[in-house]
Amino acid sequence: MKDSMIRVRFAPSPTGPLHIGGVRTALYNYLFARKYGGKFILRIEDTDQNRQVATAEEYIMESLDWCGILFDEDPRKGGPYGPYRQSERKEIYGHYALQLVRNKFAYYAFDTEEELEQMRQRLKISDPAFAQYGPATRLEMKNSLTLTENEVQQRLKDGEPFVIRIKIPENEEIIVNDLIRGEVVVHSHNLDDKVLFKSDGWPTYHLANIVDDHLMKITHVIRGEEWLPSAPLHVLLYRYMGWEAEMPEFAHLPLLLKPDGNGKLSKRDGDRLGFPVFPLQWTGPDTQEVSSGYRETGYLPEAFINILAFLGWNPGTEQELFSLNELIDQFSLERIGKHGSKFDPDKAKWFNHQYLKLKTDEELAGLLSPTIENRGLKFNFNYIVTVCALIRDRVYLIPDLWNNSWFFFIPPSAYSQQVKQKIWKPETPGLVKAFLEEAGKLVEWNKDNLHAMLEVFLSGHNAKMGQLMNPLRLLVVGDNQGPGMTDIAGILGKEETLRRIRVGLERI
RNA sequence: GGCCCGUUCGUCUAGGGGUUAGGACGUCAGGUUUUCAUCCUGGUAACAGCGGUUCGAUUCCGCUACGGGCUACCA
């Protein structure tokens, strides 16, 4: 059955931005599809009319696009099994719900919200475990199991609101074969008569997802562990639809957990954990509240997916850096762990650092240039390349490019008093002035000549490197950071370097 | 509460009946260095507990504890 073509889907609900857990689920699906030459499908699960967020679908597509996780079939480009938005497939689902009713695997229910609440209250007193609509209670409720055929038809004809519920079997063991967890057995009396078709005319997730997975010929359902409890229900639905032979395989992924307290990572966590939970920056449509994203924080997409891939999966070797293609090559469901994992912001930065180190100086300059331009500064690209070559080792996130190089583009506006206190000695001004005079005589200003000159100068003044270099750095950069002082001076040029020293001497 | 899933260094994890329980991030110490980083070297640090099976269990089984998920006309 699944011999020829692997087909997997990522099926988010457009109720807001995707968080990194969702991206990871999409990534695993993508890797799996690519590895086996299958198809990767995006299906938008927008059956809840009350929870739609207009910009969410766009956000999801843009996010995965940024990651390089590309779909073969999706709502935009379509495909042979479209449409790919459940809202555009609305008329499909009723037919299948009715089929289930006809075959006595489901039934109409007319209970109002109040009646349901009453039932739950009543049952909670005796045994909360059975406070559900199911074999034990369905015969006390208002549904096509308790009403006569005529009554049911009359109510339907009168347009009375109804739902369709699955009729969970009385006494049955349901087996879910999970590719990650093995065999999971659940007894039917732990299941309830879930609503399949809502009174607003829309299917619930449970119905829609199995109908669509079947129609779209999905071979493997790879999704978060939060779905494991309803997997037996889905197995039952495949059976009742008569599709059990073509039922997809299941793989329930362990969840991404909050690094601090308890629970799974959620969209609500925003930035409060000290790292972004979203791939791209997100602005809440109502609140206008802005949550940061990995892209805007300065992560490279290739680092981002590598980080995500390793949250729950590992190759079993000691290699940690993987390109997308290498991930595709190495990926396997068998090597996905069973337990949830917490995101480690420090390691994430380290990963990004590794990928930044792989970039050429030119590529780094390309990443730095926009910042420079945005500040209204104009510099020759080659100059920027030279700067990047010098500071590249200290860059973890893209903004670090600027944070570690700004003094190549603008003079310091302040001088760290803390550093001054540490390195500024009574003899320092004299030494610096002497240097100024000597350096002024240097004809060909470059790093090597400067260095040679300095050695002579320092021995002449009986001073050590640090005694002069540290003050010079403070005057030129304003702080105790940056590459070698002669590197900086060499790049800045004679005029600018000496000017900064003179100005600094007065202002410090 | 019930059902289901899980549990190896602080974190991500490898491993698996007999190992010095390995790696990475972090951290600590040392080295390099004109500063800060980088980089290099070294150290720290884990099999949740209790029973059982076994010559032997961290590895298999059970129980307990802890963590997580689900328990909607949400997905």
Side-chain angles (χ1 to χ4, degrees), chain A residues 11-15 45-48 50-51 86 109 111 113 116 124 127-133 161-165 176 178 180-182 184-187 189-192 194-206 208-209 223-232 252 254-255 257-259 262-264 307 310-320 335 337-351 353 357 391-396 400 404 419 422-423 451 454 458 464-474 477 479-486:
Chain A
S13 181
T15 54
E45 308 236 328
D46 52 353
T47 53
D48 185 346
N50 304 317
R51 296 178 63 220
Q86 291 186 327
D111 315 275
E113 227 167 284
L116 288 173
K124 247 172 201 156
D127 188 347
F130 289 97
Q132 50 184 20
Y133 209 118
F162 69 92
V163 300
I164 294 176
R165 286 178 181 274
V176 179
D178 188 275
I180 293 173
R181 280 148 224 290
V184 177
V185 183
V186 178
H187 197 95
H189 58 226
N190 292 313
L191 267 32
D192 64 342
K194 279 267 179 301
V195 170
L196 302 177
F197 197 81
K198 300 183 273 187
S199 59
D200 62 3
W202 291 85
T204 59
Y205 169 83
H206 300 108
N209 111 85
R223 78 234 289 192
E225 193 184 1
E226 70 266 33
W227 294 110
L228 192 52
S230 57
H252 289 94
L255 267 14
L257 274 14
K258 300 179 199 286
N262 315 310
K264 63 171 171 173
I307 294 162
F310 266 68
L311 246 30
W313 173 86
N314 80 84
T317 66
E318 285 179 4
Q319 182 181 352
E320 292 201 277
R335 294 210 63 88
K338 294 175 167 62
H339 58 272
S341 39
K342 297 173 184 168
F343 186 87
D344 181 348
D346 284 325
K347 187 142 191 187
K349 285 198 186 100
W350 177 84
F351 265 110
H353 182 222
K357 278 165 62 169
I391 54 119
R392 54 178 304 135
D393 284 342
R394 44 194 87 215
V395 176
Y396 281 75
D400 293 338
N404 286 291
V419 173
K422 211 164 110 188
I423 61 150
H451 201 85
L454 271 163
L458 287 171
K464 291 211 169 20
M465 268 296 183
Q467 284 175 268
L468 177 61
M469 294 309 224
N470 290 332
L472 286 186
R473 175 184 303 281
L474 182 58
V477 175
D479 209 343
N480 64 338
Q481 57 161 274
M485 198 45 228
T486 47

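Each chain gets a letter, A, B and so on, in the order its sequence line appears, and its residues count up from 1.
Checked against side chain to side chain donor-acceptor pair (under 3.5 Å), Tyr396(A) has no partners two or more places apart in sequence or in another chain. In this structure Trp227(A) satisfies the ring pair (Phe, Tyr, Trp, His ring centres under 6.0 Å) test together with Tyr205(A), sequence neighbours excluded. Every residue meeting the side chain to side chain donor-acceptor pair (under 3.5 Å) condition with Asp178(A), not counting sequence neighbours, appears here in chain and number order: His252(A). Considering only residues two or more places apart in sequence or on other chains, Lys338(A) meets the side chain to side chain contact (heavy atoms under 4.5 Å, CB included) condition with Ile180(A), Arg181(A). Residues passing the side chain to side chain contact (heavy atoms under 4.5 Å, CB included) test with Pro345(A), sequence neighbours excluded: Phe275(A), Phe343(A). Residues meeting the side chain to side chain donor-acceptor pair (under 3.5 Å) test with Asn404(A), sequence neighbours left out: none. The side chain to side chain contact (heavy atoms under 4.5 Å, CB included) test applied to Pro315(A) returns Phe310(A), Trp313(A), Thr317(A), Phe322(A), Gln330(A), not counting sequence neighbours. Under the side chain to side chain donor-acceptor pair (under 3.5 Å) criterion, His187(A) pairs with Asn171(A), His189(A), not counting sequence neighbours. Remark: Asp344(A) pairs with Asp346(A), Lys347(A) by the side chain to side chain contact (heavy atoms under 4.5 Å, CB included) rule, at least two apart or across chains.
The phosphate of rA75(B) (OP1 or OP2) has a side-chain N or O of Thr47(A) nearer than 4.0 angstrom. When the side-chain nitrogen and oxygen atoms of Lys464(A) are compared with OP1 and OP2 of rU33(B), none of them lie within a distance under 4.0 Å.
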Contact state string [nucleotides 35-44 of chain B, B base, S sugar-phosphate only, - no protein heavy atom under 4.0 Å]: BBBSS-----
I'd like a list of close polar pairs between nucleotides 5-9 of chain B and the protein, N/O only, cut-off under 3.5 Å.
unit_1 : atom_1 : unit_2    : atom_2 : d
rC5(B) : O2'    : Arg181(A) : NH1    : 2.5
rC5(B) : O2'    : Glu225(A) : OE2    : 2.9

N/O-N/O pairs, protein side and nucleotides 60-64 of chain B side, under 3.5 Å:
none

